[in-house]
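Quick notes on the structure that follows.
Convention: sequence-line order gives letters A, B, ...; per-chain numbering from 1.
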Amino acid sequence: MASETTDDGRYDFRALEARWLPVWMDTQPFRSGDPKDKRPTKYVLDMFPYPSGDLHMGHAEAYALGDVLARYWIQRGFNVLHPIGWDSFGLPAENAAIKRGVDPRAWTEDNIAQQRESMERYACSWDWDRVLATHRPEYYRWNQWIFTRLFEKGLAYRKPSMVNWCPSCQTVLANEQVVGGLCERCDTPVVKKKLTQWYFRVTDYADRLLDDLGTLEGKWPDKVLAMQRNWIGRSHGADVLFAIEGREEPITVYTTRPDTLFGATFMVVAADSDLAAELAEGADAATRKAFAEYVEGVKATSEIDRLSTEREKTGVFLQRYAINPVNGERLPIWASDYVLSDYGHGAIMAVPAHDQRDLDFALAMELPVRVVLDCRDEDGRPLPDPTVSRVATTGDGVLVNSGPIDGLAKADAIARITEILEKDGKGKTAKNYRLRDWLISRQRYWGTPIPIIHCEECGEVPVPDDQLPVVLPSSEGLDLKPKGTSPLGAADEWLATTCPECNRPARRDTDTMDTFVDSSWYFLRYLSPAKEDAPFDGVEARRWAPVDQYVGGVTHAILHLLYARFFTKVLFDLGMVGFEEPFTRLLNQGMVLMDGSAMSKSRGNLVRLSDQLDTYGVDAVRLTMVFAGPPEDDIDWADVSPAGSVKFLARGLRLAREVASEPNGSSAAGDAGLRAVTHRTVHDVTQLIEGFRFNVAVARVMELVNATRKAIDTGPGPSDPAVREASEAVAILLSLFAPYVAEEMWEALGHSCVARAGWPTVDEALLVQDTVTCVVQVQGKVRDRLEVPPGIGEEELRALALAAPGVVRSVGDGTVRKVIVRPPTLVNIVL
RNA sequence: GCCCCCGUAGCCCAACCGGUAGAGGCAGCCGACUUAAAAUCGGUCAAGUGCAGGUUCGAUCCCUGCCGGGGGCACCA
């Protein structure tokens, strides 16, 4: 005990950690699973980590922030569910296995054990009864179970398609995992490959995923809402049917600008589409050859090159013609790679005058340009002809050269022309989405096996529920090296099975699921992690879910959050949950940087969390994370001071040790000034925490510590009851940020278990101030200050202000024209 | 190219509904303690809010334009 404060006034955080951690591990003050617990519930969730090794600074920040909220709600009397676990399927385990020959399962379990130790030391209020790890069969069997439900509903399906392929990871990637044409994991340029893969039909939920974002307004960061909206990318327009010469079926084209239909001068189909190939068959030999060569070139183009906006437009004329449904004109049909095969219908009507891409193509191929919109600049002057300016006029305007819609403005013209098309059966309003279906199959080992059996007779047959889980076979004897096909294909014994329907020999599906499947519903598994007959318990779900507060990095703003929202809606439709949005409130923390950039070993600016913890202690590191600035801002570790945090914590601890009054007494007779500060601080900190303004809350606690220090040293002294009241408040407030020091303080103050102490009660009467400072301005400049009662009347204050010496001086013999009185804080005199 | 966010002391950051520009911390400086230094404790200095306009009795806050930084989307018809 005596050794816990060193001679120089710092404190011995090692001793505190060694002392309290075993106590907490023993008493488990954060158990949430008692069904008889009558406290209201709150679900606070931290994004679970991948067990890649030890914790890093980013984890430390996120968990410190989440813990502030969890501990706050506990102090407020809630039964808080605050679980943690591991997102433990994924490539690093597999890569370690390939590189060092270790078993992915053993590697993963070792890392989990190591991380768990660090997490325990970090002392977050996690309920250790609920831990889960997604690589364990008792978890991933429910991935398979949910997959089966999706399959039954037609929401999981297999189709051949051009997919994103990472040549380095040797696996397909979801759209969301391709960033700027590069693999988000290894930055290798992604190439296109035609493969048959499993998909989840997220696009069926596009409207709900988009529209329900409205219910999260004000509860999720605007930035994340914007990113999700952007990603789903819904647009409104029309599908228009174009008859094709020499082809039975018309071609449907999607456009957001049906009003410009009279300006269409050609049609373009996606070069890599089946449609283009079919149309090309009717062309002469030279064209067929040119087309074939063009398509080859397109396929060889990397995604990164394809996305370059600097690229010249290229294409091949297919010697075929479409008929414009509104005026019967013949439009030449071209194939080009600037039209995407998997958006809309893979074909467009080109209106070069009013679409920049079409204009670029028209100019490159010397195709006609026809203006059908009279567009004006701000001064009402006509905009230059697009052919000359090489700039398409894409804005609003009045229709010209457009028959029945001449003279109409854009919006009216769209409505009118759509009506006309609809009447003739040649078109209708339509929506489109940037969002694509979620490609979930991976040709890798360390993931959830897809629970499908391929039978020659019966086709794709889901593994019956009572045969789940399909357990991942041991990696022993399997070649895990990426080679483009799943390693599971070589697990002969595992592979061979019988068809559940016809009992004939059949083969298992050899792909594994994207690990984002695992994290799409884990928050539900925490509710009943040991449940053996369902993914989660319905009663527990009604009790706890949805998550009240989710905390994690903005890096998951699109992928994980979109998928989890999708899963939740599917589970809602299955009647398994009663809510459609999984995370009621979301807090995104910023990144921890060093010297202005993200930490990395290669950059040589890596700050090791364990070093920081060894040097400054857990509490100081946590406090530093929280105090550094607003939670969503990045923290530059070079700008902050864990040493300063140590100093502050030592000051707090010293207060508690100096308190000389007995516990549980009344503080009513205590020093009024200090009491006012204490109650004001608790009141303000309460609001600050609820508003995620933790940095300011910490500053307020620092003020309280300073005020208490003064009271002890130069005020009423250590035996005044107000000093005890203030110190106890400091201990409880600090318990959100610095659990070890708070616990030590609490004990010094004669109590035990600060985490469950309860939030201090604010005496409203003590918040009322006797006097406030009123500023008196003349012409907007401060000329005097008055001490006035807060309830002062307007007339009285006006009189006082006009008589104030500073006012009299600066008004001089000027005439007072107007007096603005805002009792009790301000008077402004206008001359 | 389009959309969003942010510019406040040397630094990280506060400032309620438009009403005293400063709460807290870091660094600096001064002092105390020390043989000395570190550490600690006490005190103290510090910007007129990126720039230019506008609205207002009054603007860090609202509006317009520009400059600087960050982020998202980007051949999605």
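Computed from coordinates, the A:D355 CG to B:C75 P distance equals 13 Å when rounded to whole Å. Distance, A:F648 CZ to B:C41 C1': 16 Å, rounded to whole Å. Residue A:K710 contributes atom NZ, which lies 9 Å from atom P of B:G24 at whole-angstrom precision. Separating the CD1 atom of A:I558 from the C1' atom of B:C73 is a distance of 9 Å, rounded to the nearest angstrom. In this structure, A:R817 places its CZ atom 10 Å from P of B:G58, rounding to the nearest Å. Following rounding to the nearest Å, A:I232 (CD1) and B:C73 (P) show an atom-to-atom distance of 13 Å. To the nearest angstrom, C1' of B:A77 lies 18 Å from CH2 of A:W334. Rounding to whole angstrom units, CE of residue A:M227 and C1' of B:G72 are separated by 6 Å.
A gap of 29 Å separates the C1' atoms of B:C66 and B:G19, to the nearest Å. For B:C33 and B:G70, the C1' atoms lie 47 Å apart once the distance is rounded to whole Å. Taking atom C1' on both B:U34 and B:A38, the two are 10 Å apart, rounded to the nearest angstrom. Straight-line distance between the P atoms of B:C51 and B:G7: roughly 13 Å, to the nearest whole Å. Taking the C1' atom of each, B:C16 and B:C12 are spaced 23 Å apart, rounded to whole Å. As rounded to the nearest Å, B:C11 and B:A46 have P atoms that lie 16 Å from one another. Rounded to the nearest Å, the gap between the P atom of B:U44 and that of B:U8 is 26 Å. B:G24 and B:A14 have their P atoms separated by 15 Å, given to the nearest Å.
Tested against A:L800, the residues A:V776, A:D784, A:V827, A:V788 include a single side chain to side chain contact (heavy atoms under 4.5 Å, CB included) partner, A:V788.
Under the 4.0 Å criterion applied to side-chain N and carboxylate O atoms, A:E217 and A:R229 are assigned as salt-bridge partners.
The side chain of A:N706 contributes an N or O atom lying less than 4.0 Å from OP1 or OP2 of B:G25. In this structure, A:K223 does not reach the B:C6 phosphate: none of its side-chain N or O atoms is under 4.0 Å from OP1 or OP2. Look at A:R651 and you'll find a side-chain N or O under 4.0 angstrom from OP1 or OP2 of B:G42. Within the 4.0 Å cut-off from OP1 or OP2 of B:A27, not a single side-chain nitrogen or oxygen of A:S641 is found.
Outside the 6.0 Å centre-distance limit, the rings of A:F627 and A:F694 are not counted as a close aromatic pair.
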Below 3.5 Å is the cut-off: list the nitrogen or oxygen pairs between protein and nucleotides 7-16 of chain B, distance only.
from: B:C12; atom 1: O2'; to: A:A628; atom 2: O; distance (Å): 2.8
from: B:C13; atom 1: O3'; to: A:N695; atom 2: ND2; distance (Å): 3.3
from: B:A14; atom 1: OP1; to: A:N695; atom 2: ND2; distance (Å): 3.4
from: B:A14; atom 1: O3'; to: A:R693; atom 2: NH2; distance (Å): 3.1
from: B:A15; atom 1: OP1; to: A:R693; atom 2: NH1; distance (Å): 3.0
from: B:A15; atom 1: OP1; to: A:R693; atom 2: NH2; distance (Å): 2.1

What does the list of N/O pairs under 3.5 Å between the protein and nucleotides 18-20 of chain B look like, with a distance for each?
from: B:G19; atom 1: O6; to: A:R822; atom 2: NE; distance (Å): 3.4
from: B:G19; atom 1: O6; to: A:R822; atom 2: NH2; distance (Å): 3.4
from: B:G19; atom 1: N2; to: A:N828; atom 2: ND2; distance (Å): 3.3
from: B:U20; atom 1: O2; to: A:R785; atom 2: NH1; distance (Å): 2.0

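Formation of a donor-acceptor pair under 3.5 Å by the A:R783 side chain with backbone atoms of A:V807 is not found in this model.
The side chain of A:R434 sits closest to B:A74 out of B:A77, B:G71, B:A74. Closest to the A:I348 side chain, of the nucleotides B:A77, B:G72, B:C41, is B:A77. Distance from the side chain of A:A699 is smallest for B:G24 among the nucleotides B:G24, B:C73, B:A77. Distance from the side chain of A:M702 is smallest to B:G25 among B:G25, B:A77, B:G42. Listed nucleotides: B:C26, B:G42, B:A77. Nearest to the side chain of A:K647: B:C26. Here B:A77 is the nucleotide among B:C41, B:A77, B:C73 with the atom lying nearest to any side-chain atom of A:V339. Listed nucleotides B:C75, B:G72, B:G42 differ in distance to A:Y338; the shortest reach to its side chain belongs to B:C75.
Expressed to the nearest 0.5 Å, how far CE of A:M349 lies from CG of A:N324 amounts to 8.0 Å. To the nearest 0.5 Å, atom CG of residue A:L213 and atom CD1 of residue A:I232 are 5.5 Å apart. Taken from NE2 in A:H354 to CZ in A:R370, the straight-line distance is 10.0 Å, to the nearest 0.5 Å.
If you check B:G18 for Watson-Crick or wobble pairing at under 3.5 angstrom, you find it has no partner at all. In this structure, B:C73 forms a base pair with B:G1, meeting either the Watson-Crick or the G-U wobble geometry with both donor-acceptor distances under 3.5 Å. The partner of B:A32, taking Watson-Crick or G-U wobble pairs whose two distances both stay under 3.5 Å, is B:U40.
Residue contacts for A:V554: at a heavy-atom cut-off of 4.0 Å it reaches no nucleic acid atom on any strand shown.
Side chain to side chain, A:D360 and A:Y338 fail the donor-acceptor criterion of an N or O pair below 3.5 Å. If you check the side chains of A:D239 and A:T252, you find no donor sitting under 3.5 Å from an acceptor.
A cation-pi arrangement is absent between A:K313 and A:F361 under the rule of less than 6.0 angstrom and at most 45 degrees off the ring axis.
Regarding the sugar-base torsion, B:C17 falls in the syn class, its angle being within 90° of 0. For B:G10, the base adopts the anti conformation, since its glycosidic angle falls more than 90 degrees from zero.
Mapped onto RNA chain B by nearest heavy atom, A:V698 and A:R709 fall at different nucleotides, with A:V698 at the one closer to the 5' end.
Closest approach of A:T393 to A:P386, counting heavy atoms only: OG1-CG, 4.2 Å. Counting all heavy atoms, side chain and backbone alike, A:Y254 lies closest to A:G237 at OH-N, 3.4 Å.
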